[in-house]
Amino acid sequence: MAPAGNRTRDGTGEVTAAEAALMLDTGQARAAGERVIAWAEALAAHTDHPGQLTVAYLTPAHRQASLELRQRMREAGFDEVLEDAVGNVVGRYRGREPDAPALVTGSHFDTVRDGGRYDGRLGVLLPIAVVAEYAARGARPRHTLEVVGFAEEEGLRFHSAFLASSALAGSFDFGLLERTDADGTRMDDLMRAHGLAPEAIAGGARDPSRVAAFVEVHIEQGPVLLERGLALGAVSSINGARRVMVRLRGVAGHAGTTPMAMRRDAGAAAAEVVLFVERRCASQPDLVGTVGMLAVPGGSTNVIPGACEFSLDVRAPQDAVRDAALEDILAEIAAVCERRGIACELEHTMNVPAAPCHPELRAQWRAAIEATGQAPIELPSGAGHDAMKMAEIAPIGMLFVRCGAGGISHNPLETITAEDAGAAAGAFAAFVARFRAPAR
Ligand code: GLV
Ligand code: MN
Ligand code: MN
């Protein structure tokens, strides 16, 4: 990156001294990138299962990760560091105008099972590294910068995706407190056992007038930037998602003695549905559907599956396209069950609308990318992000960072380079330096 002072603001004028003080030069950005990679590696030492990176909500590894993030924030020089009622890690770095609404940023620090070390975590660690740089030089952004490590986004333990950001957005579903994990632990009991206060969650909802914007830095989790040879991209919009858990009940029976025509095989019924999901979702561009969990509870080699449970995840850039596909899939499930004599129970676990990024924040991210010397490009997000929830209370924007290894994510092979993390740190600092609260 060229020295900040030489940069013009979108071709309309020189960067002010206050803005320049918040930019990073190439060496500072690169150092911040290296720090982020080292921190991500250290954070990945906490895992529910040795040999893989799995961090579910409020496990011992999750508590360790939370403590480590709070420690990083304190060391970076945040003015205030706390854990909120749902387990979010929150750091505040005061701005020059304390009465101005905050610029809130962050992402999640829980993971999928056997996931990667950057999904979510990059969006927490990178702003911490930039604040460390600001604190070291006494630079203050105009708006208070609030960095949130969201405690739960992936829904691994309780099928409660966006649990943590929904608390900030004021749309926490209190019914979830009664939900139990695979071992029968109630969420409410678990939270209390870790010193969290479910009754205080409602009080943690942000006043929308005190949030100027929510922005999230995240790995792309796909190959687009990699294929285009670019480190960074501004996000145009985030696909909406719906999820359903499907529980089929047939009749368990002897695998050797029950004639094929006399079976009520819940596993075979599920198999028909899986293939229908694939066919239906392949029929339209940008529509995607996945059966990511599929189990025959208590199954045995020599027993016809009496039960089969599976998850459905359907996404598209337009909610109407996604909803039409899900309707067709549910109709197919009903038809298959009817034909095979299978009972079916559906649990709708997620319905998040597509979230467009605010046009002014998109423009500000494009300008911030340009400030690093890269051509500004935009791309949509196929993955879900905390920003989707925060969109309920604030204008949102996102910065994507290139993934290596073919763009793979939700996989231990997920990777980014220190150089790209550095470019992202430079762009983030440029964004903060020139941030203007968008009109709402
Ligand atoms: C979040 O990781 C998602 O499933 O998109
Ligand atoms: Mn993820
Ligand atoms: Mn993520």
Side-chain angles (χ1 to χ4, degrees), residues 108 112-113 115 119-120 152-163 165-166 171 173 176 179 218 220-224 235-248 266-295 308-338 342 344-357 379-389 391-392 396 398 407-411:
H108 59 99
V112 292
R113 185 172 288 109
D119 177 6
E152 209 285 351
E153 188 265 358
E154 299 285 12
L156 177 59
R157 187 166 183 178
F158 290 98
H159 300 293
S160 55
F162 303 112
L163 182 84
S165 40
S166 69
S171 55
D173 173 2
L176 290 175
R179 206 170 265 181
H218 205 283
E220 181 205 327
Q221 305 185 275
V224 175
V235 175
S236 51
S237 67
I238 310 172
N239 284 4
R242 287 184 66 177
R243 291 183 187 163
V244 184
M245 280 303 297
V246 183
R247 298 188 179 88
L248 304 183
E272 279 200 54
V273 175
V274 173
L275 294 179
F276 180 82
V277 170
E278 188 179 47
R279 264 197 319 279
R280 176 63 180 81
C281 294
S283 70
Q284 268 173 284
D286 298 331
L287 171 67
V288 288
T290 306
V291 174
M293 294 166 71
L294 180 66
C308 187
E309 302 185 351
F310 60 94
S311 60
L312 276 176
D313 177 311
V314 184
R315 311 187 196 200
Q318 290 92 28
D319 293 340
V321 169
R322 177 203 64 179
D323 291 350
L326 185 61
E327 242 172 65
D328 288 354
I329 292 166
L330 297 183
E332 176 71 8
I333 292 174
V336 167
C337 289
E338 171 76 27
I342 303 280
C344 171
E345 193 184 291
L346 302 175
E347 185 187 356
H348 291 262
T349 55
M350 184 197 279
N351 184 355
V352 186
C357 292
L379 65 169
S381 173
H385 299 290
D386 292 300
M388 301 170 88
K389 266 284 147 194
E392 294 171 7
I396 60 160
M398 286 192 74
I408 199 162
S409 181
H410 283 184
N411 185 301

Nearest 0.5 Å, please: how far is OG in Ser237 from CG in Leu379?
9.5 Å
NE2-OG1 distance between His159 and Thr349, expressed to the nearest 0.5 angstrom:
7.5 Å
Closest non-hydrogen atom pair, Ile396 against Ala387:
CG2-O, 3.4 Å
Compare every heavy atom of Val277 with every heavy atom of Thr290, then report the nearest pair and how far apart it is.
N-CG1, 4.1 Å
Closer than 3.5 angstrom, by distance alone: can the side chain of Arg179 be matched with the main-chain N or O of Phe158 as a donor-acceptor pair?
yes
Which heavy atom of Ile238 sits nearest to which heavy atom of Ala383, and what is that distance?
CG2-O, 3.2 Å
Can you tell me if CD on Gln284 sees more than 12 non-hydrogen neighbours from other groups inside 6.0 Å?
yes
Under a 4.5 Å cut-off applied to non-hydrogen side-chain atoms, are Pro317 and Pro380 in contact?
no
Using the side-chain contact (heavy atoms from CB on, under 4.5 Å) rule, take Ile333 and Leu312 through it: C-alpha gap first, then chi angles, then the decisive distance, then the call.
CA-CA 11 Å; Ile333 292 174; Leu312 276 176; 4.2 Å; yes
Return yes if some donor-acceptor pair links the side-chain N/O of His348 with the main-chain N/O of Arg243 below 3.5 Å, else return no.
no
For Glu338, give me all partners under salt bridge (Lys or Arg N to Asp or Glu O under 4.0 Å), at least two apart in sequence or on another chain.
none
Minimal non-hydrogen separation, Val321 against Ala316, with atom names
CG1-CB, 4.0 Å
If you look at every heavy atom in Phe276 and Asp328, which pair is closest and at what distance?
CE2-O, 3.6 Å
Could you check whether any side-chain heavy atom of Cys337 comes within less than 4.5 Å of a side-chain heavy atom of Leu248, counting everything from C-beta outward?
yes
Please report the closest heavy-atom contact between Cys357 and Met398, naming both atoms and the distance.
SG-N, 4.1 Å
Between SG on residue Cys281 and CZ on residue Arg315, distance to nearest 0.5 Å:
11.5 Å
By salt bridge (Lys or Arg N to Asp or Glu O under 4.0 Å), which residues pair with Asp319, not counting sequence neighbours?
Arg322
Should we count CD of Glu347 as having more than 12 external heavy atoms under 6.0 Å?
yes
Any donor-acceptor pair under 3.5 Å from Glu152 side chain to Gly155 backbone:
yes
Assess whether side-chain contact (heavy atoms from CB on, under 4.5 Å) is satisfied between Asp119 and His218, documenting all intermediate values.
CA-CA 7 Å; Asp119 177 6; His218 205 283; 2.9 Å; yes
Check the pair His410, Glu154 against side-chain contact (heavy atoms from CB on, under 4.5 Å), reporting the backbone distance first and the verdict last.
CA-CA 10 Å; His410 283 184; Glu154 299 285 12; 3.5 Å; yes
Trace of the side-chain contact (heavy atoms from CB on, under 4.5 Å) decision for Leu287 with Val314:
CA-CA 8 Å; Leu287 171 67; Val314 184; 4.0 Å; yes
Within this structure, what is the OG-CD distance for the pair Ser165 and Glu392, rounded to the nearest 0.5 Å?
8.5 Å
What is the distance from atom NE2 of His108 to atom NE2 of His385, rounded to the nearest 0.5 Å?
7.5 Å
Output for pair (Glu332 CD, Leu275 CG), nearest 0.5 Å, gives 10.0 Å
